[in-house]
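Presented below is the structure to which this report refers.
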Amino acid sequence: MGFALFSTAHQAIAAKTALQDMVFDAETKVALHTEMAKKNLFVKRCVGIDANAVDQSKRLRTGGDYTHSPYAPPFHPPPPAVSMWGTPGYITAPPPYNPYAAYPVPPVAMTSPAPVTGPTAYAPVQNTKDNPPCNTLFIGNLGDTVVEEELRSLFSVQPGFKQMKVLRQDRNTVCFIEFEDVNAATSVHQTLQGAVIPSSGRGGMRIQFSKNPFGRRKDSAAGLASVLNGAPAN
DNA sequence: AGCACA
């Protein structure tokens with residue numbers, strides 16, 4: 001018994017029908033039987049790098065957790081392609097025939113490591129003082145080695161993100177991030193509090209609300225209005 | 001603890 005992995009479900013079905021009942025032993029007249037596997041074949045990409053995954057798979061194997069799923073290690077994440085089963089649409093767009101398509105083992109994207117958009121860890125943060133909530137966050141505790149692109153990739157994917165400004169000072173780097181509204185800023189304020197950006201070299205970042213929201217340096221409107229009114233600038 | 005842009 002064996003399993004073969006194809007680039008597309010379409011190609012798998014084509015191969016299945018082509019090979020079905022083919023006599024592969026002329027003497028004994030034994031015919032080949034093919035059927036679709038119950039799960040996608042799991043192909044390990046980089047051997048030896050992910051020691052954890054290997055260990056875990058071994059542990060699970062010896063755990064005998066094969067009873068309900070004899071064909072694939074139970075831990076492997078459900079590939080997105082699974083949703084295509086039963087969907088009539090999966091035959092509508094057969095790719096142009098390419099005899100080598102299946103060779104460089106297809107993008108087993110399901111096993112790829114998480115994209116660099118997330119923080120690697122969270123560190124405790126003593127969040128001493130904060131300012132009243134507004135739509136702009138002030139990010140502190142960033143080392144001067146921090147890479148702006150890492151900050152950007154972390155924050156620009158947050159819902160409501162509008163813009164970001166990095167301010168480098170002598171020993172400190174801080175960063176301002178504007179969001180659509182106070183709610184978006186508030187939720188990021190708590191979800192990313194203490195997030196660790198490796199390049200910062202400082203541990204977790206400290207997130208506070210900005211003293212001045214984006215686009216307003218001081219409360220210049222009020223100040224100007226008072227001046228024009230002759231009212232005392234409180 | 002460090003708060004710019006207009």
Side-chain angles (χ1 to χ4, degrees), chain A residues 45-46 48-56 77 80 107 109-234:
Chain A
R45 273 217 307 191
C46 14
I49 290 195
D50 199 345
N52 282 341
V54 172
D55 282 345
Q56 195 180 12
M110 27 182 173
T111 60
S112 66
V116 272
T117 53
T120 48
Y122 290 86
V125 161
Q126 55 277 43
N127 199 11
T128 50
K129 295 183 206 166
D130 207 337
N131 303 297
C134 67
N135 73 336
T136 305
L137 295 181
F138 172 88
I139 314 294
N141 198 36
L142 300 170
D144 46 11
T145 54
V146 70
V147 176
E148 171 162 351
E149 270 321 302
E150 285 190 328
L151 283 169
R152 183 172 302 279
S153 69
L154 173 59
F155 285 107
S156 62
V157 297
Q158 304 302 322
F161 172 88
K162 271 181 116 175
Q163 56 176 317
M164 185 188 103
K165 163 129 189 165
V166 174
L167 175 64
R168 298 193 180 267
Q169 311 173 105
D170 290 353
R171 315 198 64 72
N172 247 325
T173 297
V174 297
C175 168
F176 299 88
I177 301 164
E178 185 192 16
F179 292 87
E180 294 284 349
D181 52 34
V182 187
N183 285 339
T186 305
S187 101
V188 171
H189 183 291
Q190 47 198 22
T191 59
L192 289 186
Q193 185 64 271
V196 173
I197 293 214
S199 64
S200 121
R202 285 282 191 90
M205 60 177 68
R206 170 166 34 253
I207 305 187
Q208 300 170 313
F209 291 105
S210 173
K211 284 176 186 163
N212 322 300
F214 240 104
R216 254 161 287 149
R217 189 191 180 105
K218 296 248 166 72
D219 49 72
S220 57
L224 181 57
S226 345
V227 168
L228 292 178
N229 293 340
N234 52 328

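Chain naming here is simple, since letters A, B, ... match the order of the sequence lines and numbering starts at 1 in each. Nothing here was measured: the structure is a model prediction, and the numbers come from that model.
When the P atom of B/dA1 is taken as reference, atom CZ of A/Arg206 falls 6 Å away, rounded to whole Å. Counting to the nearest Å, the C1' atom of B/dA4 and the CG atom of A/Asn135 are 14 Å from each other. In this structure, CE of A/Met164 is placed 15 Å from P of B/dC5, rounded to the nearest angstrom. Atom-to-atom, CG of A/Leu151 to C1' of B/dA4 comes out at 15 Å; the value is rounded to the nearest Å. Atom CZ in A/Phe176 sits about 12 Å away from atom P in B/dG2, given to the nearest Å. For the pair A/Arg202 CZ and B/dG2 C1', the interatomic distance rounds to 9 Å; values are reported in whole Å. Distance CD1 (A/Ile177) to P (B/dC5): 17 Å, rounded to an integer number of Å. If you measure from atom CD1 of A/Ile207 to atom P of B/dG2, you get 18 Å, rounded to the nearest angstrom.
Under the rule for a side-chain contact (heavy atoms from CB on, under 4.5 Å), the partners of A/Val166 that lie at least two apart in sequence or sit in another chain are A/Glu148, A/Leu151, A/Met164, A/Arg168, A/Thr173, A/Cys175.
Two rings, from A/Phe209 and A/Phe138, have their centers 6.0 Å or more apart.
One distance of note links CZ of A/Phe179 with CZ of A/Phe161; it measures 7.0 Å at 0.5 Å rounding. To the nearest 0.5 Å, the span separating CZ on A/Phe176 from OG1 on A/Thr136 amounts to 9.0 Å.
Distance alone, capped at 3.5 Å, is enough to place a donor-acceptor pair between the A/Gln208 side chain and the A/Lys129 backbone. Between the side chain of A/Asn141 and the backbone N or O of A/Arg202, at least one donor-acceptor pair lies under 3.5 Å. One N or O on the side chain of A/Ser199 and one on the backbone of A/Val147 form a donor-acceptor pair closer than 3.5 Å.
No contact: A/Thr173 has no heavy atom under 4.0 Å from any strand.
Of the two residues contacting DNA chain B, namely A/Phe214 and A/Val174, the nearest-nucleotide position lying further toward the 5' end is that of A/Val174.
Heavy-atom distances under 4.0 Å link DNA chain B to A/Phe138, A/Gly140, A/Asn141 of residues 137-148 of chain A, given in residue order.
Side-chain atoms of A/Arg171 and base atoms of B/dG2 include no donor and acceptor less than 3.5 Å apart.
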